[in-house]
Engineer: 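Here's a structure for you.
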Amino acid sequence: MRLATWNVNSVRARADRVVAFLERSGTDVLAIQETKCRDDQFPYLAFEAAGYEVAHVGFSQWNGVAVISRVGIDDVELAFAGQPGFAKAPAVASGPGVDGGAGQAPAAEDAPDPVHEARALGATCGGVRVWSLYVPNGRALDDPHYTYKLAWLDALRAQATRWLGEDPAAQVALVGDWNVAPLDTDVWDMAPFDGATHVSAPERAAFAAFADAGYREVSREHLPAEHTYTFWDYKQLAFPKNKGMRIDFAWASPALAERVTGVTIDREERKGKGASDHVPVILDLDGD
DNA sequence: ATGGTTGAGGGTCAA
């Protein structure tokens with residue numbers, strides 16, 4: 001079986017390209033991120049015509065994740081248990097002569113309700129529990145989205161720990177855009193990332209915690225070469241200059257990791273007109 | 001060169 005993950009950066013802008021990838025690569029199950037559409041806008045027909053079923057969750061032009069499968073798609077979950085929503089940091093008292101006021105909790109009635117975002121979808125395909133994951137970007141170290149990102153990763157790790165606890169033999173794939181570059185060699189140059197997200201110690205710790213939970217990041221096991229990227233920004237000729245980042249990964253439960261016979265990063269998908277800024281990461285699994 | 005690229009929506013915002 002062939003299982004892949006790809007941040008497609010709008011499934012409507014690239015439906016033909018995604019279908020072509022499925023057919024060319026022989027992918028059975030594809031987890032996509034950043035569909036950038038609501039459910040009612042998803043181009044289901046293009047995938048169904050190619051013989052695939054789709055499970056999608058999307059609420060707006062932001063985020064959106066899906067699993068696309070030709071080996072069945074069951075027990076769909078549109079979020080993981082305990083998945084945090086985004087809430088702005090509590091308002092901080094400020095004004096002339098007021099220095100911060102950090103730590104003062106707002107009145108409870110002033111706290112906004114967290115907004116649930118379409119960033120995780122789970123489905124069982126061909127015996128594998130596949131989670132398509134779009135980890136929050138974080139934006140900046142002092143941004144509320146950064147706190148959200150860390151909380152989101154921690155909550156996912158806690159849930160992933162429970163899944164393995166309930167069934168140590170479970171075949172679980174946690175795949176997607178993690179928005180973390182775990183190693184300095186996962187970016188073209190660390191200098192531009194001084195004080196930036198994606199490379200900070202807390203983000204890297206939150207990512208590495210999945211190993212402590214018993215999972216194996218199988219893409220690096222099979223593709224250990226440094227400066228092997230999965231994303232290149234659209235701006236400033238990043239792809240021709242190979243100024244990329246490795247931020248798309250596949251954490252596999254032990255039983256699934258044992259089945260992985262090879263991993264491919266399809267760099268060709270970054271080429272040509274109409275490319276996403278990410279490329280697919282493809283896992284080959286032995287057996288059905 | 002004080003910008004550089006996409007996508008969605010029609011507001012700029014997000015990445």
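These numbers were taken from a predicted model, which means no experiment stands behind them. Quick note on labels: first sequence line is chain A, next is B, and so on, each numbered from 1.
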Engineer: Just the rounded figure in Å: distance from P of B:dT5 to CG of A:Leu237.
Structural biologist: 8 Å

Engineer: Quick one: A:Phe239 CZ to B:dT6 P, roughly how many Å, whole number?
Structural biologist: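 Answer to the nearest Å: 13 Å.
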
Engineer: When the P atoms of B:dT2 and B:dC13 are compared, how many Å lie between them, rounded to an integer?
Structural biologist: 23 Å

Engineer: Side chains of A:Asn7 and A:Glu34: do they bring a donor and an acceptor to under 3.5 Å?
Structural biologist: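 Per modelled atom types, A:Asn7 and A:Glu34 side chains form a pair under 3.5 Å.
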
Engineer: With sugar-phosphate meaning primed atoms plus P, OP1 and OP2, does A:Phe231 contact a base, only sugar-phosphate, or nothing at under 4.0 Å between heavy atoms?
Structural biologist: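 Here A:Phe231 touches no strand at all.
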
Engineer: Taking the C1' atom of each, how far is B:dT12 from B:dA1, in whole Å?
Structural biologist: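 Straight-line distance between the two C1' atoms is 24 Å.
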
Engineer: Suppose you measure atom C1' in B:dA14 against the same atom in B:dG9; what distance do you get, rounded to whole Å?
Structural biologist: 13 Å

Engineer: Any side-chain heavy atom of A:Arg220 sitting closer than 4.5 Å to one from A:Leu183?
Structural biologist: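 Contact flag for A:Arg220/A:Leu183 side chains = yes.
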
Engineer: Calculate the interatomic distance between A:Phe193 atom CZ and B:dA15 atom C1'; express it in whole Å.
Structural biologist: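 Interatomic distance, CZ of A:Phe193 to C1' of B:dA15: 13 Å.
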
Engineer: Report yes if a side-chain nitrogen or oxygen of A:Arg14 is closer than 4.0 Å to either non-bridging phosphate oxygen (OP1 or OP2) of B:dG7; otherwise report no.
Structural biologist: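 True: A:Arg14 side-chain N/O within range (under 4.0 Å) of B:dG7 OP1/OP2.
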
Engineer: Specify the residue among A:Asn63 and A:Gln41 whose closest nucleotide of DNA chain B lies further upstream toward the 5′ end.
Structural biologist: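 Checking each residue's closest nucleotide, the 5'-ward one belongs to A:Gln41.
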
Engineer: For atom P, what is the distance between B:dG7 and B:dG3, given to the nearest Å?
Structural biologist: 23 Å

Engineer: Are OP1 or OP2 of B:dG9 and a side-chain N or O of A:Arg12 less than 4.0 angstrom apart?
Structural biologist: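 So the side-chain polar atoms of A:Arg12 do come within 4.0 Å of the phosphate oxygens OP1 or OP2 of B:dG9, strictly under.
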
Engineer: Identify which nucleotide among B:dG4, B:dA8, B:dA15 has an atom closest to any side-chain atom of A:Gln236, counting heavy atoms from C-beta outward.
Structural biologist: B:dG4

Engineer: Over how many whole Å does the gap from A:Tyr134 atom OH to B:dA14 atom P extend?
Structural biologist: 11 Å

Engineer: I'd like to know whether A:Phe239 forms a ring-ring contact (aromatic ring centres under 6.0 Å, His included) with A:Tyr234, so could you lay out the CA-CA distance, the side-chain angles of the two residues, the decisive distance to 0.1 Å, and finally the verdict.
Structural biologist: CA-CA 8 Å; A:Phe239 185 60; A:Tyr234 286 122; over 10 Å; no

Engineer: Can you classify the ring geometry of A:Trp178 versus A:Phe210 as parallel (below 30°), tilted (30 to 60°) or perpendicular (above 60°)?
Structural biologist: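 Judged by the thresholds at 30° and 60°, the geometry between A:Trp178 and A:Phe210 is perpendicular.
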
Engineer: Output the rounded distance in Å from CG (A:Asp177) to C1' (B:dA15).
Structural biologist: 10 Å

Engineer: Would you call the rings of A:Phe47 and A:Phe42 parallel, tilted or perpendicular, where under 30° means parallel and over 60° means perpendicular?
Structural biologist: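 Taking A:Phe42 first and then A:Phe47, their aromatic rings sit tilted (interplane angle of 30° to 60°).
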
Engineer: Figure out the CH2/P separation between A:Trp62 and B:dA8, and round it to whole Å.
Structural biologist: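 After rounding, the gap between these two atoms is 13 Å.
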
Engineer: Given that A:Gly138 and A:Tyr234 both sit by DNA chain B, which one's nearest nucleotide is further toward the 5' end?
Structural biologist: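 Its nearest nucleotide being more 5', the pick is A:Tyr234.
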
Engineer: Whole-Å distance between B:dA15 C1' and A:Met245 CE?
Structural biologist: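 To the nearest whole Å, that distance equals 11 Å.
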
Engineer: NZ of A:Lys273 versus P of B:dG7: gap in Å, rounded?
Structural biologist: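 The distance from NZ of A:Lys273 to P of B:dG7 comes to 8 Å, rounded to the nearest Å.
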
Engineer: Whether A:Gln33 contacts B:dA15 is assessed here as follows: a side-chain N or O lying under 4.0 Å from the phosphate OP1 or OP2. Is that the case?
Structural biologist: no

